[in-house]
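Right, one structure below, let's go through it.
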Amino acid sequence: MARMATTRRVAVSTIAAWLCGFLIFFPILWMMLASFKTELEAFAIPPSFLFFHWTLENYATVQARSDYLHHALNSIIIAGGSTLIALLIAIPAAWSMAFSPTKRTKDVLLWMLSTKMMPPVGVLVPIYLIYKTVGLLDSRIGLVFILCLGNLPIVIWMLFTYFKEIPRDILEAARMDGATIGRELVYVLTPMAIPGLASTLLLNLILAWNEAFWTLNLSTSQAAPLTVFIASYSSPEGLFWAKLSAASTLAIAPILVLGWFSQKQLVRGLTFGAVK
Amino acid sequence: MGQITLQGVQKAFGPVHIIKGANLDIADGSFVVFVGPSGCGKTTLLRLIAGLEDVTDGRILIDGKNVVAVPPAKRGLSMVFQSYALYPHMSVRGNIGFGLKMAGLAKDEINRKVEAAAATLNLTPYLDRKPRELSGGQRQRVAIGRAIVREPKAFLFDEPLSNLDAALRVQMRIEVTRLQKQLGTTAIYVTHDQVEAMTMADKIVVLNGGKIEQYGSPLELYEKPANLFVAGFIGSPKMNFVTGDPALQRGAATIGVRPEHLKIERDGAGGWPGTIAVAEHLGSDTFLYVDAGPLGMLTARYIGELSLHTGDRVSLVPDPARIHRFDDSGNAIRS
Ligand SMILES: Nc1ncnc2c1ncn2[C@@H]1O[C@H](COP(=O)(O)OP(=O)(O)OP(=O)(O)O)[C@@H](O)[C@H]1O
Ligand SMILES: [Mg+2]
């Protein structure tokens with residue numbers, strides 16, 4: 001009796017979860033479908049769900065009009081570069097705050113977080129002017145730099161919480177076992193820190209990939225990543241739903257694939273510390 | 001060899017002095033227990049010896065060599081942590097063998113030693129498990145295995161049994177003592193449990209507020225406590241302290257009598273009269289908590305069963321040879 005009730009409850013919540021998941025995913029699915037329609041069908045009311053004339057024409061047009069690979073490459077360089085640099089700075093920073101904290105460590109952490117509370121548009125004008133003066137507008141270096149700065153607080157916070165979770169006793173045990181600092185790092189710390197590092201890297205990669213405010217405002221063509229590529233299809237020339245959808249699908253595809261294959265890491269990363 | 005000497009060892013964290021000048025001589029092969037109330041500096045003193053904290057002042061000698069500037073990895077000591085501190089990503093085999101691997105031993109020699117240690121600790125069936133797949137007692141054994149396999153100059157234990165349940169604690173207590181005697185390795189063991197201290201130690205260091213109150217064998221501490229603190233800390237139930245007339249008559253500010261050295265007399269005239277507030281009958285012992293009027297509450301212990309109950313009048317007669325006398329500043333008066 002009890003068993004049956006549980007089975008039913010599991011079934012109900014499974015269905016509910018799938019429904020929720022589908023609802024959340026629906027806009028993306030719709031966009032993907034639209035990218036295979038003709039412009040007319042994309043507009044049509046009532047819309048057709050699956051039974052329309054499938055075409056790759058939009059993708060061809062999009063590729064012909066703007067160079068997808070150029071923007072994708074920019075996205076990879078900007079997201080990858082800013083993530084790597086952020087990690088390089090954040091690892092030692094989080095490290096020292098986690099393992100030899102001082103009285104001010106909490107304040108420093110809060111101050112870092114507080115920089116994320118200000119809307120970026122608040123500093124758009126000064127940043128734009130600085131970039132213009134030093135010639136960083138529409139340059140990959142400039143974007144790497146600004147995205148790196150923007151995400152640094154989050155990266156440090158994430159790494160800090162991971163490192164904090166590593167019990168000091170274990171490091172001291174390794175020291176008592178005769179491990180030098182180098183070997184402690186290789187045999188004990190790194191294996192324990194790798195899951196945290198990996199999920200921080202992934203999350204930051206996704207954040208940087210999707211970042212649209214600074215990339216839209218500070219780049220136009222040369223350094224423009226995929227966000228700018230999408231935006232160029234929602235132009236005042238008129239509405240091109242199908243082409244916009246095709247561009248968007250192309251832009252999110254790489255990160256969607258990455259997210260799909262690393263979902264275990266990501267979930268673990270985001271719930272780390274909450275469940276022990 | 002594992003002879004450890006502390007000379008004027010001090011430790012301050014910022015402005016706070018935690019260890020206020022410790023002098024200690026630990027003979028090779030002896031089992032020394034640091035005991036004291038929470039926060040008295042036991043762990044800090046142990047970590048100073050381990051090298052996990054730097055001394056503020058003083059010298060620590062291991063086999064005659066000053067090691068204050070030597071990192072923990074080079075001191076040749078091994079430590080068992082209260083939290084076990086096992087490497088979560090390594091198997092039991094990896095955990096026990098880690099120290100040997102760091103020492104650069106050959107693989108088959110490591111395996112041989114690890115398996116021997118595991119056999120001593122009944123860990124053989126678990127060698128390929130991860131720490132998270134073990135019970136608390138088994139983890140504790142792995143931590144001990146990791147310590148013994150390196151054949152260190154001394155073992156340092158920081159409350160290693162405090163996370164175990166009572167029955168397992170008694171069993172492990174005996175095992176640790178037996179193992180230490182069998183290996184003949186110096187051991188320093190931190191606990192706040194004075195029963196553990198009395199049963200395991202060759203010598204006990206009683207710490208209080210960062211100072212060593214007394215250093216001696218369990219029986220020395222029991223029979224000749226150096227001061228009020230040690231007298232009150234060692235022994236269970238606690239020693240009775242009496243001030244006022246009975247003390248003054250004996251030329252002391254305070255006198256102390258252990259519960260087992262109070263003779264219990266029904267309606268006796270001599271001694272200290274009082275009314276039983278609580279009587280505990282354990283079968284093997286009888287504990288009486290007696291309200292002795294101006295002398296306060298006194299505890300008396302009788303070996304065996306005594307049919308006395310709450311409200312009964314009794315008289316407690318101290319054994320004159322077993323009265324401890326203390327002066328104004330709490331130090332024992334010896335005559
Ligand atoms: N890193 C530190 N910084 C500042 N104070 C410290 C530090 N480590 C310990 N202390 C202080 O030193 C005192 C002694 O601590 P210690 O851990 O040695 O006590 P303990 O005798 O082991 O106590 P317990 O039985 O509770 O484990 C405590 O008052 C503690 O607050
Ligand atoms: Mg302690």
Side-chain angles (χ1 to χ4, degrees), chain A residues 91 94-108 159-201 264-265 267-269 271-276, chain B residues 13-14 43 46-47 49-53 70-91 94-105 110 114 130-132 139 142-160 163:
Chain A
I91 289 173
W95 191 278
S96 57
M97 286 194 284
F99 290 113
S100 40
T102 64
K103 280 201 304 246
R104 306 241 175 279
T105 299
K106 274 257 127 57
D107 301 340
V108 171
L159 289 180
F160 173 77
T161 37
Y162 289 125
F163 291 163
K164 259 254 155 336
E165 294 275 328
I166 298 178
R168 277 177 96 129
D169 279 4
I170 294 182
L171 305 186
E172 291 179 345
R175 239 164 277 166
M176 292 301 295
D177 262 346
T180 55
I181 293 283
R183 295 171 129 205
E184 183 186 321
L185 214 79
V186 172
Y187 289 108
V188 181
L189 256 169
T190 314
M192 288 173 72
I194 273 185
L197 282 173
S199 40
T200 310
L201 183 129
K264 227 169 125 182
Q265 263 313 323
V267 170
R268 185 184 135 68
T271 54
F272 195 84
V275 277
K276 265 219 168 152
Chain B
F13 290 110
T43 298
L46 194 74
R47 289 170 58 84
I49 296 171
L52 295 172
E53 302 280 357
V70 177
K74 300 250 161 64
R75 292 195 187 186
L77 309 174
S78 62
M79 184 151 169
V80 177
F81 293 81
Q82 181 172 6
S83 60
Y84 314 145
L86 301 178
Y87 311 121
H89 54 290
M90 295 183 201
S91 64
N95 266 280
I96 299 179
F98 185 70
L100 300 176
K101 186 166 155 189
M102 290 301 107
L105 266 65
I110 295 179
V114 167
K130 290 276 169 63
R132 65 169 174 278
R139 284 179 208 182
V142 176
I144 292 172
R146 192 167 65 177
I148 62 171
V149 78
R150 289 176 47 227
E151 298 166 22
K153 290 180 184 156
F155 300 129
L156 309 177
F157 296 95
D158 189 4
E159 309 212 21
N163 288 336

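Order of the sequence lines sets the chain letters (A, B, ...), proteins ahead of strands, with each chain counted from 1.
The two residues B/Phe98 and A/Ala179 have their closest heavy-atom pair at CE2-CB, 4.1 Å. A/Asp177 approaches B/Arg146 most closely through the heavy-atom pair OD2-CD, 3.5 Å.
For a residue to count as touching a neighbouring chain, one of its non-hydrogen atoms must lie under 4.5 Å from one of that chain's; by this rule B/Lys101 touches chain A with backbone and side chain alike. Looking at A/Arg183, the atoms closer than 4.5 Å to chain B (heavy atoms on both sides) all sit in the side chain, from C-beta outward. In this structure, chain A has no heavy atom under 4.5 Å from any part of B/Arg75.
Using a 4.5 Å cut-off on side-chain heavy atoms (C-beta onward), A/Met176 and B/Leu52 make contact. Contact check for B/Met79 versus A/Glu172: no side-chain heavy atoms found under the 4.5 Å cut-off.
Counting heavy-atom pairs under 4.5 Å between each of B/Pro152, B/Ser78, B/Pro88 and chain A puts B/Pro88 at the top. Per-residue heavy-atom pair counts under 4.5 Å with chain A were compared for B/Ala143, B/Ala85, B/Pro71, and the maximum is reached by B/Ala85.
For the atom pair OG1 (A/Thr180) and CE (B/Met102), the distance works out to 7.5 Å, reported to the nearest 0.5 Å. To the nearest 0.5 Å, atom CD1 of residue A/Ile170 and atom CG of residue B/Leu86 are 7.5 Å apart.
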